[in-house]
There are 2 protein chains.
Amino acid sequence: MLSVDVVNIWTYVSTMTRSEPRPYHHGNLRQALLNEADRMIRSSGVEGLTLRRLGARVGVSRSALYRHFADKRALLIAVATDGFRSLREKLVEAWERGGRNPEAFRAMGAAYVEFAVRNPSHYRVMFGGFLDPEARNPELVSEGGGAFQALVDAIATLQRDGYARLDNPVLLARHAWAVVHGVAMFGIDAQLREPGALEELAEFSIEQLRAGLARTRKE
Amino acid sequence: MLSVDVVNIWTYVSTMTRSEPRPYHHGNLRQALLNEADRMIRSSGVEGLTLRRLGARVGVSRSALYRHFADKRALLIAVATDGFRSLREKLVEAWERGGRNPEAFRAMGAAYVEFAVRNPSHYRVMFGGFLDPEARNPELVSEGGGAFQALVDAIATLQRDGYARLDNPVLLARHAWAVVHGVAMFGIDAQLREPGALEELAEFSIEQLRAGLARTRKE
DNA sequence: ACCTGAACACCGTTCAAGT
DNA sequence: ACCTGAACACCGTTCAAGT
């Protein structure tokens, strides 16, 4: 009816008659903001991301952003959620392409470290505690859980095929996560400056991890 | 001569004649600021620490702080430096009190995780990347290196006594640090909510670590 | 629906001035 | 030596108003 047209008439009018001081973002503004936030975090770190500069870069007023995100934390949560989704994809790909065997498990560990080192600021948003655990955003929890589940599934498969000890796979996955997370942090903090040092550590730690999972319950 | 007295006369005058609106901090202001910053970080996290509130809590004007720290980053570096010193003390104590043997090595790992979990905000300042690696504050680097050296020394001793494989002790120490760091991060992010889950993981991971170090070079 | 502009309360930091 | 008070340039966030 009429009301439907009224709803969109401003869009029509503005696109047809405005002297184009700024193009409107129709529905893709959210994604444009996320993309630009990604770029800013990548180049200047989380502390370099301010909503005002983000808006200016996208070509939008200060408050336009609040149509799509409740506040800055909500935007960071969205960034972290995307990061977890991307990480899970990388992990699953390495595991499946490697043939779901102990060697593929090592490839999965290497993929984890690589993701963190190639996206350090992203990784910090995901694990740096900027997002207080009270902010239990369901999508974030679900996406983070999905990435962790990829590890649990891989370990359960190794167990089924006789490659891994039969402890609780969740405990084994937590241990595996701790190892790769620790290695990744070493790499991110750039405390390993010597070329090859991170690769050496990653290889060693992941091999230690694999051998430890293979070790029988009582040594 | 006269100039010496002139230098301190204001202190004399102010302590004797002022109607005590605010007590002066003679030389201990720096420590008072660090102590209060510690308390604020502990209760509200790093993002809860603002220089203005810090000054107000200590009872000092906004700019007084700049007599002791170049800027906010310098204050955080000082906090991190203290943290590393404290951590090293805890590690060395656990190692020596335990008798410098494999069991003591486990105690050292547990002490590490305990330090992180009991001082989560401190720990984040130390490792959260708030301090960009470019800011190579010599004291911070030295104190952080000291804590790491405690690990290297312990592993070298284990090697000498036939308890650990003979790889490069620095590599072994990096691996050990990665493991306990990863476990600590799990605990800090409170992703392990179930009671006892963190203890279970810490015990498992540290035992994996110890067994891995004991394993001979070629399994 | 989507955006603007001004305003508010808060930052870190500086600097001339005070005791 | 140590501190104050005002100022500057920046934040995140809100809200009435515009198209």
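Letters A, B, ... mirror the listed sequences (proteins, then strands); counts begin at 1.
Listed nucleotides: dT13(C), dC2(D), dG5(D). Nearest to the side chain of S63(B): dG5(D). Side-chain proximity of H68(B) to dG12(C), dC3(D), dT13(C): nearest is dC3(D). Residue S61(A) has its side chain nearest to dC3(C) when only dG12(C), dA7(C), dC3(C) are considered. For R67(A), taking side-chain heavy atoms from C-beta onward, the closest of the listed nucleotides dC3(C), dG12(D), dC3(D) is dC3(C). Checking dG12(D), dT13(C), dT4(C) against the side-chain heavy atoms of A64(A) singles out dT4(C) as nearest. Nearest to the side chain of L29(A), among dC3(D), dC11(C), dC3(C), sits dC3(C). Taking only side-chain atoms of V60(B), from C-beta outward, the nucleotide of dG12(C), dC3(D), dT13(D) with the closest atom is dC3(D).
In this structure, the side chain of T81(B) does not engage the main chain of E139(B) through any donor-acceptor pair within 3.5 Å. In terms of modelled atom types and a separation under 3.5 Å, the side chain of D71(A) and the main chain of A74(A) share a donor-acceptor contact. No donor-acceptor distance shorter than 3.5 angstrom exists from the side chain of S86(A) to the backbone of D82(A), with no hydrogens or angles considered.
In this structure, CD of E47(B) is placed 14 Å from C1' of dC11(C), rounded to the nearest angstrom. dC2(D) atom P lies 12 Å from atom CG of L33(B), rounded to whole Å. At whole-Å resolution of the value, CZ in F69(B) and C1' in dG12(C) are 15 Å apart. Rounded to an integer number of Å, the gap from R62(A) CZ to dC2(C) C1' is 18 Å. One can place OH of Y66(B) at 20 Å from P of dA1(D), the figure rounded to the nearest angstrom. Remark: P of dC11(D) and CG of L49(A) are 10 Å apart, rounded to the nearest angstrom. Atoms CG (L76(A)) and P (dG12(D)) sit 10 Å apart, rounded to a whole Å.
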DNA chain D in dot-bracket form (Watson-Crick or G-U pairs under 3.5 Å, [ ] crossing, | inter-strand) is ||.|||||...|||||.||
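In this structure, L209(B) and F105(B) have side chains that are in contact, with non-hydrogen atoms separated by less than 4.5 Å.
Listed by first and then second residue, the salt bridge (Lys or Arg N to Asp or Glu O under 4.0 Å) pairs involving residues 40-53 of chain A are D38(A)-R42(A) (not counting sequence neighbours).
Applying the side-chain hydrogen bond (donor to acceptor under 3.5 Å, both in side chains) rule to Q149(B) yields the partners D153(B); only residues at least two apart in sequence or on another chain are considered.
Classified by interplanar angle (parallel below 30°, tilted 30° to 60°, perpendicular above 60°), the ring pair W177(A)/F148(A) is tilted.
Within 3.5 Å, a donor on the side chain of R52(A) pairs with an acceptor on the base of dG12(D), or the reverse.
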